[in-house]
Amino acid sequence: MDKHVYEFLSGLNYTALKNTVIIFMSDHGVRFGPIRQTYSGWFEDRLPYIFFHFPAWYQAKYP
């Protein structure tokens with residue numbers, strides 16, 4: 001999946017990103033089944049991923 005996400009983000013038009021906020025998030029992993037009872041399942045259930053990217057001008061104006 002990392003490769004697909006990288007290719008998608010790399011393919012975005014840089015000019016358009018000057019006025020775009022990117023919000024990238026994932027879910028909590030598997031919702032049902034025995035994986036939730038494992039050590040890694042415990043983390044997947046509690047550590048979803050979220051990423052915000054704001055244009056540089058926005059960060060400068062609203063620090």
Side-chain angles (χ1 to χ4, degrees):
M1 191 64 196
D2 291 343
K3 179 183 175 189
H4 296 292
V5 172
Y6 173 79
E7 289 173 353
F8 172 75
L9 293 175
S10 296
L12 294 176
N13 182 330
Y14 181 76
T15 304
L17 293 179
K18 290 181 180 178
N19 293 312
T20 303
V21 174
I22 296 174
I23 303 172
F24 187 81
M25 55 192 294
S26 71
D27 65 7
H28 290 275
V30 179
R31 288 295 200 200
F32 302 100
I35 187 90
R36 292 192 68 204
Q37 305 306 315
T38 66
Y39 183 69
S40 62
W42 185 88
F43 282 104
E44 283 189 18
D45 195 38
R46 290 160 178 79
L47 298 172
Y49 179 82
I50 190 162
F51 170 83
F52 293 88
H53 171 78
F54 293 89
W57 69 266
Y58 187 92
Q59 293 179 47
K61 187 173 182 177
Y62 305 104

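Heavy-atom basis, side chains included; hydrogens, waters and symmetry copies ignored.
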Distance-only donor-acceptor pairs under 3.5 Å for side chains of residues 51-58, two or more places apart:
residue	atom	partner	partner atom	Å
Trp57	NE1	Lys18	O	2.6

OH/Tyr49: more than 12 non-hydrogen atoms of other groups inside 6.0 Å: yes
Partner set under side chain to side chain contact (heavy atoms under 4.5 Å, CB included) for Leu12, not counting sequence neighbours: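 Result, side chain to side chain contact (heavy atoms under 4.5 Å, CB included) vs Leu12: Phe8, Leu9, Leu17, Ile22.
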